[in-house]
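Note that these values count all heavy atoms, side chains included, but never hydrogens, waters or copies made by symmetry. Everything numeric in this text was worked out from a predicted model, so none of it was measured.
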Amino acid sequence: MARFTSLLAALATLATSVTSKKVFIENDGLAALQLLIPLYAGYDVVGLSMSFGSASSVDALGVAYDILSEYNLTSCIPLYLGAEQPLLQTNDTFQLHNTLFGAPVWEGAYASTYEDSYSWEDLEYDDATPGAIAMIEAVKKYKDTDPVTIYAAGMMTTVAQALSIYPQLAEEAAGLYVMGGYIDNQYAQATGSSIEVDINTDINLIQDPEAAQITLTAPWKKLVIGGNVTNYLVPSQPLYDRLIHKAGGLDKIDGSEYFAAIQDIVYSGNYSQNNEQQTLPFWDEVVSSFMVYPDIITDSIDVQCAVDTSFYSPFYGNLRIWGEEFAPTSGVRTGNATLINSIKDDDFYDLMVDVLFTNWTDYCATGSFASLEGY
Ligand SMILES: *[C@@H]1O[C@H](CO)[C@@H](O)[C@H](O)[C@H]1NC(C)=O
Ligand SMILES: *[C@@H]1O[C@H](CO)[C@@H](O)[C@H](O)[C@H]1NC(C)=O
Ligand SMILES: *[C@@H]1O[C@H](CO)[C@@H](O)[C@H](O)[C@H]1NC(C)=O
Ligand SMILES: *[C@@H]1O[C@H](CO)[C@@H](O)[C@H](O)[C@H]1NC(C)=O
Ligand SMILES: *[C@@H]1O[C@H](CO)[C@@H](O)[C@H](O)[C@H]1NC(C)=O
Ligand SMILES: *[C@@H]1O[C@H](CO)[C@@H](O)[C@H](O)[C@H]1NC(C)=O
C-alpha cells in the first residue's frame, strides 16, 4: 500500500540478462525504495503496474512515473495501468459496509476527502497493454529461464484478473509476495490511537476481498505474506540523524532533486514535528527487502490461509490463517502461505541508507549503478 503526502513529479525494454532474477511489481502507487531495493540486489524489474486502491489510478501511476523519471529509469522499466476498480466491491458497498460495521481510518481513494494530485496528460505509460496482461506476458516470457516473482503491494485485483485470464500464472511464476495480511490486530484496533488503528487495518485486502481470496488461494509455488512485520519498521529520529549526517546536512537534502526520496523520509528532520502520515511504517520497502535478501528473515511460519468474503461480516476482507491440521479441507478454498514475523531490523535500515545514496542515472544504459559521488 502506498501513500504519499507531497510527491515531486514510449517504452523500450532493455535486453535483460537471463541470469538475473526477475520481479514484476503491482501496487497502488510506489515507494522509491520498493523499486530500488530489488534493483540494488541485482534483480530486473520487468514491469510495474499501478492500480486504484489507496490512491486513485491516476495518482498511483503518477507517483510511479515520477520515481522512474527522477532516477532516469523510464526507458528500461515499463509502466502499466492495472485495475481501476475492485472486482465486486464498489464505492457504495464499501461505504455501506462501513456504515454497518465501522469505517477504517484510511479509506484510500474511496475517501470522501480524496482528491487527485496528478493529471493523465502529464503521464507517460504503456497504455496499449493492461497491467494484468503485462504481468501474464512477463511470466510467460521468462518461465523457462528466470521465472518471474510477482510482488503485489496494493489491492490484489490485478493479480486476480491475471489469474482469471491465465490460471497457469500461479505455477509459472516463481512466487507471489504480498504486502498486507495482518493477524491478531483486533486488540490493537480497539485500544490504539487513530494512527495505530489505521496501520492495523488491512486496506489492501478489505478494499477488494474477493480478489484477495482468489489471489491468496491460488497454487503459487511460493506465497509469502508480509503482514504484521511491515508495521514493525518505522521512521525514527536516529534514522533521520543518520540520513542527514550522511547527506552532509538537511540543506543538502532539501536542495537536491536526487534526494527527494530521502526528503520524503526525513521531512523537517525532526521526528517529533511529524504529522501521523509522516510516521507511517516502511510497509512496501520491508517486503522488497526480504524478497530479495531472504537472509534477513529471522522468523516465519507456514500456514494455510483464506480471506473472509462474507459481506455481512465485520471481518469482510480480513485474512484468516490455520495450522495445517485444522484448516478446512473442503468448502472454503485455502492457500499455502509463509507469514514473515520478523527480520533483522538493523540490516534493513543499513540497506535503506545504502540504496538511498546510490546513483541510478546510468542504470538503463549500462545495467549498472554506483555510489553517489562523494558518498
Ligand atoms: C465514494 O463515496 C464517497 C461517499 O459517498 C464519496 O464522497 C466519494 O467521492 C466516492 N469516491 C469515488 C472514487 O467514487
Ligand atoms: C500482530 O500485530 C498485533 C498488533 O500490533 C500484535 O498485537 C500481535 O501480537 C502481532 N502478532 C504477531 C504474530 O506478530
Ligand atoms: C497446499 O499444499 C498442499 C500440500 O502440499 C497441496 O495439496 C495443496 O494443493 C496446496 N494448495 C495450494 C492452493 O497450493
Ligand atoms: C524538535 O522539535 C521539538 C518540538 O517541536 C523541539 O522541542 C526539539 O528541540 C526539536 N529537536 C531538534 C533536534 O531540533
Ligand atoms: C538516462 O538514461 C539514458 C538511457 O536510457 C541515457 O542515454 C542517458 O544518458 C541518461 N541520462 C543521464 C542524464 O545520464
Ligand atoms: C550520477 O552519475 C553520473 C555519471 O554516471 C553523473 O554525471 C551524475 O552527476 C551523477 N549524479 C549524482 C546526483 O551524483
Minimum side-chain heavy-atom gap [X]-[Y] below 4.5 Å:
X	Y	value
Gln213	Arg333	yes
Tyr182	Thr201	no
Leu73	Leu36	yes
Leu243	Val353	yes
Leu216	Leu223	yes
Leu68	Tyr65	no
Thr93	Tyr316	no
Ser288	Tyr40	no

Considering all heavy atoms, the nearest [X]-[Y] contact:
X	Y	answer
Ser54	Trp106	OG-NE1, 3.2 Å
Gln189	Val197	O-CG2, 3.2 Å
Glu107	Asn98	OE2-ND2, 3.6 Å
Asn336	Gln304	OD1-CG, 3.4 Å
Ile321	Cys305	CG2-CB, 4.2 Å
Leu79	Tyr125	O-CB, 3.4 Å

Scan side-chain atoms only and decide if [X] and [Y] contain a donor-acceptor pair under the 3.5 Å cut-off.
X	Y	value
Ser194	Glu276	yes
Thr279	Asn274	no
Gln161	Ser164	no
Asp59	Tyr114	yes
Thr158	Ser51	yes
Thr338	Asp302	yes
Thr361	Asn359	yes

Just by distance, do the side chain of Asn204 and the backbone of Ala153 share a donor-acceptor pair under 3.5 Å?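 Present.
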For Val139, is there any backbone N or O sitting under 3.5 Å from a side-chain donor or acceptor partner on Glu172?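 Checked: no pair found.
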Given the side-chain rings of Tyr43 and Phe24, with only the six-membered ring counted for Trp, is the space between their centroids under 6.0 Å?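 Aromatic pair excluded; centres sit 6.0 Å or further apart.
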Rounded to the nearest 0.5 Å, what separates atom [atom1] in [X] from atom [atom2] in [Y]?
X	Y	atom1	atom2	answer
His97	Thr99	NE2	OG1	10.0 Å
Tyr177	Ile225	OH	CD1	12.0 Å
Leu39	Leu33	CG	CG	11.0 Å
Ser193	Asp198	OG	CG	9.0 Å
Asn27	Met155	CG	CE	11.0 Å
Tyr80	Met135	OH	CE	11.0 Å

What's the verdict on side-chain hydrogen bond (donor to acceptor under 3.5 Å, both in side chains) for Thr129 and Glu137, showing C-alpha distance, side-chain angles and the deciding distance? CA-CA 10 Å; Thr129 312; Glu137 286 176 355; 5.1 Å; no
Run the numbers on Phe52 and Tyr110 for ring-ring contact (aromatic ring centres under 6.0 Å, His included), then give the verdict. CA-CA 10 Å; Phe52 176 90; Tyr110 279 150; 5.0 Å; yes
Working note: Met352 + Ile265, criterion side-chain contact (heavy atoms from CB on, under 4.5 Å); need CA distance, chi angles, decisive distance, verdict. CA-CA 11 Å; Met352 272 185 71; Ile265 295 170; 3.6 Å; yes
So Tyr71 and Tyr258, would you call those rings parallel, tilted or perpendicular, with 30° and 60° as cut-offs?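 The rings of Tyr71 and Tyr258 stand perpendicular, inter-plane angle above 60°.
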Plane angle bin for Trp360 and Phe369 - parallel if under 30°, tilted between 30 and 60°, otherwise perpendicular: tilted
Around atom NZ of Lys222, are there more than 12 heavy atoms from other residues, nucleotides or ligands closer than 6.0 Å?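 It does not: Lys222 NZ has 12 such atoms or fewer within range.
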